[in-house]
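Written out below as structure tokens is the structure these notes cover.
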Amino acid sequence: MAVSSPLLPPLREVIARHGLAASKALGQNFLLDEQLLARIAAIPGDLEDSAVLEIGPGPGGLTRALLRKGARVTAIEMDRRCLPALAELGGAFPGRLRVIQGDALKQDHDALMGEPYAVLSNLPYNVGTALLVRWLGGQEWPPAWSSLTLMFQQEVAQRIVAAPDTPAYGRLAVLAQWRAHAQLAMKVHRSAFTPPPKVMSAVVQVTPTAMPEGIDARQLERVTEAAFGQRRKMLRQSLKAVPGALRALDRLGIDPQRRAETLAIAEFVAIARLLTPG
Ligand code: SAM
């Protein structure tokens with residue numbers, strides 16, 4: 001490895017020394033098990049000299065695992081209290097860690113990174129889905145990020161990777177899978193966090209695939225929003241308000257008596273293609 005791994009104090013000591021009592025409002029549930037953190041950092045594969053964006057480094061557990069893998073890390077952290085601990089970590093890996101204090105939802109990540117990057121984060125639960133929707137929803141494809149490795153509540157993780165005809169299947173699954181591969185990479189027990197949250201967690205790994213041709217992403221959004229907005233209803237009812245959608249079902253031979261949750265992602269894509277002006 002190009003970057004030497006300096007000896008670092010245990011994370012519990014870092015937290016105690018910098019007075020980083022977990023804040024519920026900021027969704028702070030810290031991971032302190034360095035072996036677990038190393039396993040999460042290993043999910044996207046080789047990160048040697050790669051640019052990595054981390055949201056919410058907190059006391060820097062995942063951050064140190066990424067730095068040990070040789071990544072160049074940009075970390076956005078809202079909580080000013082974490083800055084001294086992160087500055088200390090940056091000192092141990094000179095020139096490899098850049099910390100931005102602020103709200104990750106308000107930053108232009110592509111502009112901030114200025115080069116292709118991987119995203120890794122033990123996300124604050126209150127902003128996790130909003131960030132994911134933003135990363136997945138861009139008009140530009142392939143996106144500037146090469147992979148997303150993200151911790152979610154297990155129930156949200158299951159919605160992201162869900163297959164048709166399952167209760168978890170919905171807008172999030174279509175959004176995550178129509179032009180990307182999404183898989184559940186690791187389940188994480190609630191007891192791994194300090195303090196432990198009420199629910200189990202899981203790491204999801206998302207990598208972009210080729211974008212199907214001839215589709216305006218906004219049309220797909222419209223169709224899935226309408227279809228899953230009334231998921232118990234038949235498509236002929238739920239898609240009534242989307243101009244051209246019922247005609248598209250007819251042309252594609254999709255039975256309008258079906259419900260949204262039975263439609264494969266390829267079928268949503270085909271409907272959106274017919275609604276996209278040529
Ligand atoms: N990465 C650390 C770990 O694994 O132990 C901390 C994870 S904790 C679940 C979430 C972190 O995100 C906290 O440090 C919190 O302060 C930070 N955070 C919360 N909302 C944020 C936001 N909107 N932008 C950036 N960071 C945020």
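Note that ligands are numbered from 1 as they come in the structure, with each ligand's atoms numbered from 1 the same way. This is a predicted model, so every value here is computed, not measured.
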Extract all N/O-N/O pairs under 3.5 Å that connect ligand 1 to the protein, and present each with both atom names and the distance rounded to 0.1 Å.
residue: ligand 1; atom: 1 (N); partner: Gly56; partner atom: O; Å: 2.8
residue: ligand 1; atom: 1 (N); partner: Pro57; partner atom: O; Å: 3.3
residue: ligand 1; atom: 4 (O); partner: Asn122; partner atom: ND2; Å: 2.7
residue: ligand 1; atom: 5 (O); partner: Leu31; partner atom: N; Å: 2.8
residue: ligand 1; atom: 14 (O); partner: Gly58; partner atom: N; Å: 3.4
residue: ligand 1; atom: 14 (O); partner: Glu77; partner atom: OE1; Å: 2.8
residue: ligand 1; atom: 14 (O); partner: Glu77; partner atom: OE2; Å: 3.4
residue: ligand 1; atom: 16 (O); partner: Gln28; partner atom: NE2; Å: 2.9
residue: ligand 1; atom: 16 (O); partner: Glu77; partner atom: OE2; Å: 2.6
residue: ligand 1; atom: 23 (N); partner: Asp103; partner atom: OD1; Å: 2.8
residue: ligand 1; atom: 24 (N); partner: Ala104; partner atom: N; Å: 2.9
residue: ligand 1; atom: 26 (N); partner: Met78; partner atom: N; Å: 3.3

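Linking Ile, Leu, Val, Met, Phe, Trp and Tyr whenever their side-chain heavy atoms come within less than 4.5 Å leaves Leu148 and Val52 in two separate clusters.
Side-chain atoms of Val156 and Leu132, non-hydrogen and from C-beta on, never get closer than 4.5 Å to each other. Side chains of Trp145 and Met113 form no contact here, defined as non-hydrogen atoms less than 4.5 Å apart.
In this structure, CG in Leu136 is found 8.0 Å from CD1 in Ile160, a value given to the nearest 0.5 Å.
By the 30° and 60° cut-offs, the orientation of the rings of Tyr169 relative to Phe228 is perpendicular.
In this structure, a donor-acceptor pair under 3.5 Å is present between the side chains of Thr63 and Glu54.
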